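Remember, it's a predicted structure, so these values are computed and weren't measured experimentally.
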Amino acid sequence: MQTSAVPDLAHTHARPVHWLATAAAMAAVVAAAGMLQPGSATASQTGGIRTAAAPAPAPAPDPAAVTYPLECGGAPGVVARRATGDLDGDGRPETVVAAHCRAGSGTPPSGVYVLARGSGNGAAAAPRVVATLVDPAERRSVGGLAVRDGAVTATLFGYSSPDVPSCCPDQRETVKWRWEGDKFVRSAAAAATGA
């Protein structure tokens with residue numbers, strides 16, 4: 001074996017003091033790098049152009065803040081289903097609700113109502129019923145309610161004759177309403193079927 005003519009280098013025989021010195025130097029480099037970080041980036045506008053922040057969209061009308069045209073004979077009204085969306089294209093959401101009188105048994109008829117927020121401030125901005133899509137006098141109950149693409153879709157259950165008990169509707173129909181001009185126009189979304 002051939003020996004080297006160069007004396008042993010210090011790093012070939014590491015001692016604890018060498019490791020401590022290396023660790024201290026690395027800690028100093030990391031600390032300095034942390035202190036020398038660039039500031040957070042900010043964008044500034046020059047030229048005097050100012051833009052206002054977009055206002056937050058108006059909330060959908062609250063169904064709890066409305067009195068519904070239900071004749072409940074002293075029983076409370078109940079909002080069973082609700083859906084929200086912009087139905088008339090004005091950029092403000094409307095709320096559609098299916099409401100009925102609270103009944104101890106049976107299937108109480110529902111009304112389907114469109115709620116909109118009033119214009120102005122205070123009481124004038126309170127939500128109100130602006131359209132009745134299904135009147136409770138039609139003896140329908142609502143099994144599903146949705147707002148999609150500016151249209152209201154509902155699954156309605158009804159009765160083929162007055163002899164059918166109110167507990168057990170035997171007709172099912174899926175219908176759709178869309179705002180056209182100045183009113184909601186109803187169309188069948190699917191064929192009516194016996195339940």
Side-chain angles (χ1 to χ4, degrees), residues 50-159 164 166-193 195:
R50 292 187 176 172
T51 58
D62 180 10
V66 175
T67 301
Y68 299 96
L70 296 169
E71 295 178 21
C72 296
V78 176
V79 173
R81 301 185 186 282
R82 73 170 133 187
T84 61
D86 184 6
L87 299 174
D88 57 3
D90 67 353
R92 294 181 301 182
E94 285 77 32
T95 301
V96 181
V97 299
H100 60 79
C101 297
R102 183 171 305 225
S105 62
T107 306
S110 296
V112 177
Y113 306 102
V114 177
L115 312 178
R117 186 165 301 285
S119 58
N121 295 323
R128 64 194 195 310
V129 174
V130 295
T132 299
L133 303 179
V134 175
D135 191 295
E138 296 177 40
R139 292 188 63 216
R140 302 289 187 126
S141 58
V142 180
L145 183 67
V147 173
R148 287 188 197 96
D149 301 323
V152 178
T153 305
T155 302
L156 304 177
F157 295 98
Y159 308 91
V164 176
S166 66
C167 70
C168 312
D170 64 344
Q171 296 289 308
R172 176 183 176 180
E173 179 182 19
T174 302
V175 295
K176 183 184 283 190
W177 293 270
R178 187 171 293 280
W179 182 256
E180 294 181 10
D182 60 349
K183 63 183 177 180
F184 285 96
V185 176
R186 178 178 168 166
S187 63
T193 60

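Residue pairs meeting the salt bridge (charged side-chain N to carboxylate O under 4.0 Å, His left out) criterion with at least one member in residues 59-86, sequence neighbours excluded, do not occur. Residue pairs satisfying the ring-ring contact (aromatic ring centres under 6.0 Å, His included) criterion with at least one member in residues 64-96, sequence neighbours excluded, are listed as follows: Tyr68-Tyr113.
The minimum heavy-atom distance linking Ser110 with Val134 is given by the pair O-CG1, 3.9 Å.
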Just distance, no hydrogens or angles: give the donor-acceptor pairs under 3.5 Å from side chains in residues 87-101, sequence neighbours left out.
unit_1: Asp88; atom_1: OD1; unit_2: Asp90; atom_2: N; d: 3.4
unit_1: Asp90; atom_1: OD1; unit_2: Arg92; atom_2: N; d: 2.9
unit_1: Asp90; atom_1: OD2; unit_2: Arg92; atom_2: NE; d: 3.4
unit_1: Asp90; atom_1: OD2; unit_2: Arg92; atom_2: NH2; d: 3.3
unit_1: Glu94; atom_1: OE1; unit_2: Leu87; atom_2: N; d: 2.7
unit_1: Thr95; atom_1: OG1; unit_2: Pro61; atom_2: O; d: 2.7

Exercise answer: donor-acceptor pairs, residues 137-152 side-chain atoms, under 3.5 Å, sequence neighbours excluded:
unit_1: Glu138; atom_1: OE2; unit_2: Asp135; atom_2: N; d: 3.2
unit_1: Arg140; atom_1: NH1; unit_2: Glu173; atom_2: OE1; d: 3.2

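Looking at heavy atoms from C-beta onward, Leu115 lies in side-chain contact with Pro63 at the 4.5 angstrom threshold. For the pair Arg172/Thr155, a side-chain contact is recorded, criterion being any heavy-atom separation below 4.5 Å from C-beta on. Residues Arg178 and Val185 form no side-chain contact, since every pair of their non-hydrogen atoms from C-beta on lies 4.5 Å or further apart.
Not counting sequence neighbours, Tyr159 has no partner by the ring-ring contact (aromatic ring centres under 6.0 Å, His included) test.
Panel note: side chain Trp179, backbone Gly181; a donor-acceptor pair is recorded below 3.5 Å.
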